[in-house]
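To find a chain, count down the sequence lines: A is the first, B the second, and so on, and within it residues start at 1.
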Number of protein chains: 2
Amino acid sequence: MSEKPTHLLKENNLRVTDCRIDVLNTFISRQVALSHADLEEVLKENFDRVTLYRTLKTFLDKDLIHKVLDDSGAAKFALCSHQHEEHEQHDHNHVHFKCEVCGLTNCIEEISLPNIALPKGYKSKEVNVLVQGICNKCA
Amino acid sequence: MSEKPTHLLKENNLRVTDCRIDVLNTFISRQVALSHADLEEVLKENFDRVTLYRTLKTFLDKDLIHKVLDDSGAAKFALCSHQHEEHEQHDHNHVHFKCEVCGLTNCIEEISLPNIALPKGYKSKEVNVLVQGICNKCA
DNA sequence: GTTTATGCAAATTCTTTGCAATACT
DNA sequence: AGTATTGCAAAGAATTTGCATAAAC
């Protein structure tokens with residue numbers, strides 16, 4: 001584990017607590033979108049369910065994580081990549097891939113987001129794409 | 001109100017009931033994605049909350065409606081357009097637009113779905129796009 | 001020392017299930 | 001008549017809130 005979680009927290013004027021560090025480390029090591037339930041499974045021995053809810057909300061407010069669309073109903077979250085490179089313009093375009101075999105959802109950064117031509121009068125601010133299928137590991 | 005709801009139900013071997021007709025009419029007249037809560041607001045005088053849950057589940061099973069991705073957390077649903085034209089291949093690609101002013105989400109059918117080049121090894125089966133911004137009415 | 005986060009209990013809200021009564025075909 | 005749907009009650013999950021204690025700065 002690097003010092004990344006501590007730095008992320010300090011950069012965002014958040015107090016450095018065990019729970020926040022552990023949640024960030026979970027996101028970093030898993031590299032997939034996690035729901036509250038996913039986190040609870042991993043961290044319930046150490047922290048209260050309520051604390052995890054509040055931690056997620058805090059991170060969301062500070063733009064440390066973003067919501068990942070999912071058609072399962074459960075809200076999932078992933079680390080925002082723009083947190084890693086400072087001064088980068090906040091880029092609210094995401095492509096996520098959900099594997100129907102292993103069930104994992106990950107952000108696909110390599111993809112250049114297609115240009116979507118909207119009907120006239122529509123103004124686009126944020127584009128989220130969820131691709132479902134089979135990932136390279138499960139193929 | 002046309003006879004559309006009745007026909008849709010019969011086509012799908014579903015019994016024609018007041019609740020189902022009213023739910024379908026709500027989808028047809030609103031032309032936007034609706035959550036369970038949205039329906040409840042409109043129809044709670046007439047039907048039980050539980051009946052609405054079951055109606056949505058039934059329609060989902062029969063592919064009369066589909067889930068619409070939303071980052072608000074609440075699952076939303078919209079009529080499947082392929083129900084209107086029979087024998088059309090089920091097409092599981094959707095582009096939805098959510099207006100951040102009026103809050104409404106609608107399916108944008110006119111759009112040709114962009115081709116998304118996935119990293120090798122990934123197989124795509126379904127693509128959902130959620131564009132957020134400002135719609136033509138709120139601009 | 002002051003402010004903020006945590007844990008626990010409890011309140012709300014959301015969703016599902018069982019079963020008798022009702023409506024549909 | 002026979003089968004599927006509805007409404008009500010109640011169970012079970014998911015999420016939020018209040019407040020005293022503990023931890024961070």
Side-chain angles (χ1 to χ4, degrees), chain A residues 3-27 33-65 67-77 103, chain B residues 3-27 33-77:
Chain A
E3 298 302 312
K4 219 191 261 177
T6 303
H7 287 143
L8 275 177
L9 291 171
K10 287 187 175 162
E11 266 172 35
N12 287 277
N13 298 314
L14 290 172
R15 293 197 172 177
V16 179
T17 69
D18 290 353
C19 181
R20 287 169 179 173
I21 291 175
D22 281 14
V23 169
L24 286 176
N25 274 328
T26 307
F27 275 113
L34 300 172
S35 64
H36 173 268
D38 294 330
L39 286 171
E40 202 182 319
E41 212 173 277
V42 184
L43 299 173
K44 77 165 126 187
E45 304 295 321
N46 309 306
F47 309 104
D48 194 271
R49 212 183 290 104
V50 177
T51 303
L52 294 175
Y53 277 115
R54 288 194 272 224
T55 301
L56 286 173
K57 185 180 277 181
T58 302
F59 287 175
L60 209 51
D61 289 346
K62 293 279 182 176
D63 261 331
L64 258 157
I65 58 176
K67 275 193 182 171
V68 173
L69 300 177
D70 191 292
D71 67 352
S72 76
K76 295 192 172 183
F77 306 90
Chain B
E3 297 302 312
K4 219 191 263 177
T6 304
H7 287 144
L8 276 177
L9 292 171
K10 287 188 176 163
E11 267 171 34
N12 287 277
N13 298 315
L14 289 171
R15 292 197 173 179
V16 179
T17 69
D18 290 353
C19 181
R20 288 171 179 172
I21 289 174
D22 282 14
V23 169
L24 285 176
N25 273 329
T26 307
F27 275 112
L34 300 171
S35 65
H36 172 268
D38 295 330
L39 286 172
E40 201 182 322
E41 213 173 277
V42 185
L43 300 173
K44 78 165 125 186
E45 304 295 320
N46 309 307
F47 309 103
D48 195 89
R49 213 183 291 104
V50 177
T51 304
L52 294 174
Y53 277 114
R54 289 194 272 223
T55 301
L56 286 172
K57 185 180 277 181
T58 301
F59 287 176
L60 209 50
D61 289 347
K62 293 278 183 176
D63 261 330
L64 259 156
I65 59 176
H66 60 272
K67 274 195 183 169
V68 173
L69 300 177
D70 191 291
D71 66 352
S72 75
K76 295 193 173 184
F77 306 89

Expressed in angstrom and rounded to an integer, what is the separation of [X] atom [atom1] from [N] atom [atom2]?
{"X": "B:L14", "N": "D:dT6", "atom1": "CG", "atom2": "C1'", "answer": "15 Å"}
{"X": "B:D48", "N": "D:dA9", "atom1": "CG", "atom2": "C1'", "answer": "10 Å"}
{"X": "A:R49", "N": "D:dA14", "atom1": "CZ", "atom2": "P", "answer": "9 Å"}
{"X": "B:E45", "N": "D:dG7", "atom1": "CD", "atom2": "C1'", "answer": "15 Å"}
{"X": "B:D22", "N": "D:dG7", "atom1": "CG", "atom2": "P", "answer": "11 Å"}
{"X": "B:H36", "N": "C:dT13", "atom1": "NE2", "atom2": "P", "answer": "15 Å"}
{"X": "A:D18", "N": "D:dA22", "atom1": "CG", "atom2": "P", "answer": "16 Å"}
{"X": "B:K10", "N": "C:dC24", "atom1": "NZ", "atom2": "C1'", "answer": "11 Å"}

When rounded to the nearest 0.5 angstrom, what distance separates [atom1] in [X] from [atom2] in [Y]?
{"X": "B:T55", "Y": "B:I65", "atom1": "OG1", "atom2": "CD1", "answer": "9.0 Å"}
{"X": "B:L9", "Y": "B:T17", "atom1": "CG", "atom2": "OG1", "answer": "7.0 Å"}
{"X": "A:T51", "Y": "A:R20", "atom1": "OG1", "atom2": "CZ", "answer": "10.0 Å"}

Out of [options], which has the shortest distance to the side chain of [X]?
{"X": "B:R15", "options": "D:dC8, D:dT15, D:dG2", "result": "D:dG2"}
{"X": "A:Y53", "options": "C:dT16, D:dT6, D:dA14", "result": "D:dA14"}
{"X": "B:C19", "options": "D:dT6, C:dG7, C:dT6", "result": "D:dT6"}
{"X": "B:V50", "options": "D:dT6, D:dC8, D:dT17", "result": "D:dC8"}
{"X": "B:T17", "options": "C:dC19, C:dT16, D:dT5", "result": "D:dT5"}

**Study point:** Between A:T58 and A:D61, a side-chain donor and acceptor under 3.5 Å
**Key:**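 No.
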Check your understanding: Could one point to a donor on the side chain of B:R54 or the base of D:dG7 with an acceptor on the other under 3.5 Å away?
Key ->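 By the distance-only test, yes, there is a pair.
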Check your understanding: Is the distance from OP1 or OP2 of D:dT5 to the nearest side-chain N or O of B:R20 less than 4.0 Å?
Key ->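 Looking at the OP1 and OP2 atoms of D:dT5, one of them is under 4.0 Å from a side-chain N or O of B:R20.
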Review point. Would you say B:T51 reaches D:dT5's phosphate, i.e. side-chain N/O to OP1/OP2 under 4.0 Å?
Key: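 For D:dT5, neither OP1 nor OP2 has a side-chain N or O of B:T51 closer than 4.0 Å.
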Check your understanding: A:N13 near the nucleic acid: base, sugar-phosphate alone, or nothing, with a heavy-atom cut-off under 4.0 Å?
Key ->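 Nothing: the residue A:N13, judged by heavy atoms under 4.0 Å, touches no strand.
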Exercise for review: Determine the sole option in A:F77, A:Y53, A:F59 for which the ring-ring contact (aromatic ring centres under 6.0 Å, His included) test with A:H36 is passed.
Suggested key: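 In the set A:F77, A:Y53, A:F59, the residue that makes a ring-ring contact (aromatic ring centres under 6.0 Å, His included) with A:H36 is A:Y53.
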